[in-house]
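Just so you know, these numbers use all the heavy atoms, side chains as well, and skip hydrogens, waters and symmetry mates. Owing to the predicted nature of the structure, the values given are computational and were not obtained by experimental measurement.
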Amino acid sequence: MSDAIEVEKTIASQGVAEKTGSDGYRDSDVEYPSDAKVETDLNVTENDLAEAKELASGMSLEEVRPMIERVLIIHENDPNFPYSIIERIKAFLDNDAIFQDPEKHAALIEEMKLEAALITVNSPYAEVRAVVDNHDDVNMPCGTIRAWAIGMGFSVLLAFINQLFSIRQPAITVQANVVQLLAYPLGKLAEKTLPDVGFTLWGTRHSLNPGIFSKKEHMLITIMANVSVNYPYTNNIIWVQYLPSYFNQSYAGQFSYQIILGLATNFIGYGMAGIVRRFLVYPSYCVWPASLVTIALNAAFHNDRNIPVESPFGKIFTISRVKFFAATFAAMFVYFWFPNFIFTALSVFSWMTWIAPTNLNLSTITGFNNGLGINPLPTWDWNTLLFDSTDPLMIPFFSTFNKFIGACISACIIAAIWYTNTWNTGYLPINSNRVFDNTGGIYNVTNAVDDRGLFDPVKYENYSFPFLAAGNLVVYLFFFGIYAATVSYAYLYHRHEIALGFKNLFNSFRKNKDSEVGRYQDVHNRLMSKYLEVPEWWYTLVLLVAIAFGCAGIAHWETYTSPGVVFYGLALCAIFIIPIGMIKAMTGVEVTLNVLAEFIGGSWVAGNALAMNFFKSFGYVTCAHAVSFSNDLKLAHYVKIPPRQTFSSQMVGTLISTFVSVGVLNFQMNQIPGVCTVNAPNRFTCPGINTFFTASVLWGTVGPIKVFGRGGMYTWLLAGFPIGFVVPFIFYYMNKRFKKTWMRQMHPVAMFYGALSWAPYNMSYIWPAVPIAWYSWVYLKKRYLAFWSKYNFVLSASFSCAIAVAAIIIFFSLQWSEITIDWWGNSVTAQGCEDTACVLYETAEGEYFGPRIGEFH
């Protein structure tokens, strides 16, 4: 890079100016740690340290002690917080001699003052300090006319595109990072061209051009785009209700029915996010790794500060963040065409199966498409690593590594189940997420239901028990485990934080708002305290209105469902939202409630697929929305957007996107001939809707009781619940007993998450992230913190944006017209068992496996 110039190390900003001894301590009467050693110990850059020193110089020992005690309570079990600091904090608090004779312990006291000052003037986490500014300008433009215009425009555009192409094979989705990228030139264009004319309302002037396009305006636009990316989940329910090939309920085509359900699920999630923001947004330990990438891109565009940093390449890098973003964006944009169009074998790099494509064992163990994917070099496609939205540059290394450990454990279990033909899995592909019948074919749900889509026991008993592949069975086992583990983990590791959240919530209802009871006092909360908070009753009102919409939609039309499903679903969400949100905020790993919602809903309303879908919508989807909206609230918190402007932008963005999505849904239903059939134009064949219908009927009509209940074939998988509940206790007390640094990094919920990352995914998606995450989060962060802080999250943002833009161009310019390149590099990935999954055993013509007809009920 032209801007990466090599200069003498003596001018490096990260150098040490004072002479130090060989042990890293200054030569003085009292051996204070050198700046270089303190930077390493406290995991801070020189600039962070200088700011903390200024505050620490005025602190007394009496002020420091209670602050450090709070740090220990909150961060003792925090895997993101450096354990070396925790050890020194304990040495500080447990030694009464320090407070009786402080002169003899001046070095340790100085370090504790610096730590106390650091968490006062900045974040306790290096990854947050790397991209989030700990200063604020209250006069910076935010909710401007141009920001609202651009934001609402993108809300319409994203909702339109994502809904329209959601039913196409393959589907296309425009993510918010593309909007963030495009919003900057549009904002700068408005800055250069619009006149400074406007009006004054309630003492505030609103101008078409208030000056420089600010980072707050940019982030407000991004937040509006974030809430508009996903179409209402209830659209899936409406599809299966309306289409003649499914439930054929014509009333589902009414706009009023569609919009009232869409608004209900979207705004219930938003109301929940607002109510739990004191648990998931305001605490400093809720880092939200995904938000850091978004902020890094924002900072690259708006931060003019460019400090030279020492790199691992023996050079001092002076390239600015925005130039670094541009260079890496261009490189990934060009490269992405190779593994995803020109030479797709780079993406599906199952090179060992190319040796013998029909070798059963080789393909089963190493295969990318249909095997376990155990391959040291499985892909050269960055997009493969993002299969579950956990970028290895974005989430902490311990999260990535724990996922890998969990996947290794479950891989062994899958192989054991399949090779022993347990539950007849040897007749099925080893790692499929489909449901099969007793001949090995795809389960045809119409053979088990009547004309109304309700369960028909006679037809079912004359057809087949639903069979699951080995990989899918293990996914269910660990899904059951992760739900129980989430509850016990939250109690063991986060009970103090949850208690603090409730104190803060109760304090919000007090008349004396200045009370310090339960208040969060980190720098970002102090800066945000300058702005008017959103009253609790605003969010409560949104929640109540959305609940009323949900009840009205279910009760007014012939849904064969009780409005009580709304409240039961909300109860499920209420139980899990705080534990799930905390785990997501601290690890980047999100526990989804889809399987639990299907399990409970299908058991509760057995035989009624539609009721199960509604329970799933109000239990699982609203919780997922609440987590997503909480991430957006954290974005606003980090960038210091006034809370009421954030509230307005999310409300308006969600309202616009819901109406646009439902409008496009009506167009698709009524104006696309043969939609959701094999004869549909432009490949609008609705693969996702077909899968949704199959899952709806299987788990809502056939029901989980027949599959997992007493007498069911897979009853033993319910052992996942007690196993998951106990495992966090084992890790917790092992950590207490052995007090090893590595034990603190073992995260049982992240392990369970990795263990269920199968069917259709496999180890080829999980393993490549491990060495990359280690190099970024361990090697670079420890040895070149300033370099890592400056470029790590910018690189993550540039790669994600480049992939999104390149994928859109490839889709519309080539895939839409079905243009392909026919050569070995694009065909070798679909040969033998990688094309059609191989199985251990085949059934003869007219034969079937499993329970005999009439033996299952």
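Between the side chain of Thr587 and the backbone N or O of Ser399 there is no donor-acceptor pair closer than 3.5 Å. Of the possible polar contacts, one joining the Thr120 side chain to the Ala116 backbone as a donor-acceptor pair under 3.5 Å is found. A donor-acceptor pair under 3.5 Å is absent between the side-chain atoms of Glu497 and the main chain of Phe279, judged by distance alone. No donor-acceptor pair under 3.5 Å is formed between the side chain of Asp522 and the backbone N or O of Ser123. Using modelled atom types, no side-chain atom of Asn77 and backbone atom of Tyr493 make a donor-acceptor pair closer than 3.5 Å. Remark: the backbone N or O of Thr294 is paired with a side-chain donor or acceptor of Gln180 at under 3.5 angstrom. Counting only distance, with no hydrogens or angles, the side chain of Ser796 and the backbone of Asn792 share no donor-acceptor pair below 3.5 Å. Remark: the backbone N or O of Trp288 is not paired with any side-chain donor or acceptor of Lys634 at under 3.5 angstrom. The backbone N or O of Leu785 sits less than 3.5 Å from a side-chain atom of Ser789, completing a donor-acceptor pair. The main-chain N or O of Gly143 is found under 3.5 Å from a side-chain atom of Gln645 such that the two form a donor-acceptor pair.
Partner Arg65 forms a salt bridge (charged side-chain N to carboxylate O under 4.0 Å, His left out) with one of Glu63, Glu69, Glu62 and no other, that one being Glu69. Each of Trp788, Tyr125, Phe397 was evaluated against Trp777; a single residue qualifies, Trp788, per the ring pair (Phe, Tyr, Trp, His ring centres under 6.0 Å) test.
A distance of 5.5 Å separates CG of Leu93 from CZ of Phe99, quoted to the nearest 0.5 Å. Separating the CG atom in Leu635 from the CG atom in Asn226 is a distance of 6.5 Å, to the nearest 0.5 Å. Here the CG-CG distance, from Asp101 to Asp96, works out to 12.5 Å after rounding to the nearest 0.5 Å. Taken to the nearest 0.5 Å, the CG atom of Leu492 stands 11.0 Å off from the CG atom of Asn735. The distance from the OG atom of Ser630 to the CG atom of Leu280 is 5.0 Å, given to the nearest 0.5 Å. We find the CG-CG distance between Asn303 and Asn298 to be 10.0 Å, quoted to the nearest 0.5 Å.
Of all heavy-atom pairs between Cys142 and Ala147, the closest is O-CB, 3.6 Å.
The shortest distance between side-chain heavy atoms of Arg129 and Leu118 falls below 4.5 Å. At a threshold of 4.5 Å between non-hydrogen side-chain atoms, the residues Val309 and Tyr784 do not count as touching.
For the residue pair Lys790 / Asn306, a side-chain donor-acceptor distance below 3.5 Å is found, with atom types taken as modelled. For the residue pair Lys781 and Ser776, no side-chain donor N or O sits within less than 3.5 Å of a side-chain acceptor on the partner. Side-chain contact, Asp136 with Tyr531: a donor N or O sits under 3.5 Å from an acceptor N or O. In the model, Tyr83 has no side-chain atom that pairs as donor or acceptor with a side-chain atom of His75 under 3.5 Å.
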Could you please spell out the steps behind the side chain to side chain contact (heavy atoms under 4.5 Å, CB included) verdict for His637 and Asn525? CA-CA 8 Å; His637 188 75; Asn525 280 288; 3.4 Å; yes

What's the verdict on ring-ring contact (aromatic ring centres under 6.0 Å, His included) for His747 and Phe731, showing C-alpha distance, side-chain angles and the deciding distance? CA-CA 8 Å; His747 199 291; Phe731 278 92; 9.4 Å; no

Side chain to side chain contact (heavy atoms under 4.5 Å, CB included) between Tyr732 and Ser488, worked out: CA-CA 10 Å; Tyr732 182 80; Ser488 57; over 6 Å; no

Output, in order, the C-alpha distance, side-chain angles, deciding distance and verdict of side chain to side chain contact (heavy atoms under 4.5 Å, CB included) for Thr400 and Ile395. CA-CA 7 Å; Thr400 302; Ile395 69 172; 3.6 Å; yes

The test is side chain to side chain contact (heavy atoms under 4.5 Å, CB included); show your working for Ile498 and Phe502 and say whether it passes. CA-CA 6 Å; Ile498 293 174; Phe502 276 112; 3.6 Å; yes

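More than 12 heavy atoms of other residues, nucleotides or ligands shown are found within 6.0 angstrom of CG on Leu61. The environment of CZ in Phe725 is sparse: at most 12 heavy-atom neighbours from other residues, nucleotides or ligands sit within 6.0 Å. Applying the 6.0 Å contact sphere to CD of Glu54 captures no more than 12 heavy atoms from other residues, nucleotides or ligands. A 6.0 Å sphere centred on OH of Tyr733 holds no more than 12 heavy atoms belonging to other residues, nucleotides or ligands. No more than 12 heavy atoms of other residues, nucleotides or ligands shown are found within 6.0 angstrom of CZ on Arg737. Within 6.0 Å of NZ on Lys90 lie more than 12 heavy atoms contributed by other residues, nucleotides or ligands.
When the side-chain hydrogen bond (donor to acceptor under 3.5 Å, both in side chains) test is applied to Tyr753, the partners found at least two apart in sequence or on another chain are Asp388. Scanning for side chain to side chain contact (heavy atoms under 4.5 Å, CB included) contacts around Val132 gives Val128, Leu292, Ile295, His524, Tyr638, Lys640, with sequence neighbours left out. Residues passing the side-chain hydrogen bond (donor to acceptor under 3.5 Å, both in side chains) test with Tyr270, sequence neighbours excluded: Gln650. Here Ile405 pairs with Phe401, Ile409, Met746, Met751 under the side chain to side chain contact (heavy atoms under 4.5 Å, CB included) rule; sequence neighbours left out.
For Arg744 and Glu76, the salt-bridge test fails: no basic side-chain N is under 4.0 Å from an acidic carboxylate O. A salt bridge links Arg277 with Glu536: the distance from a Lys NZ or Arg NE/NH1/NH2 to an Asp or Glu carboxylate oxygen falls below 4.0 Å.
Aromatic pair Tyr539/Phe647: centroids less than 6.0 angstrom apart. Taking the six-membered ring for Trp, Phe317 and Phe324 have ring centres at least 6.0 Å apart.
Screening residues 102-121 for ring pair (Phe, Tyr, Trp, His ring centres under 6.0 Å) gives no qualifying pairs among residues at least two apart or on separate chains. Pairs engaging residues 642-651 under the salt bridge (charged side-chain N to carboxylate O under 4.0 Å, His left out) rule: none recorded [sequence neighbours left out].
A cation-pi arrangement is not found for Arg321 relative to Tyr791, the charged atom failing to lie both closer than 6.0 Å to the ring centre and inside a 45° cone about the ring normal.
Note: Phe629 and His625 have tilted aromatic rings, judged against thresholds of 30 and 60 degrees for the angle between ring planes.
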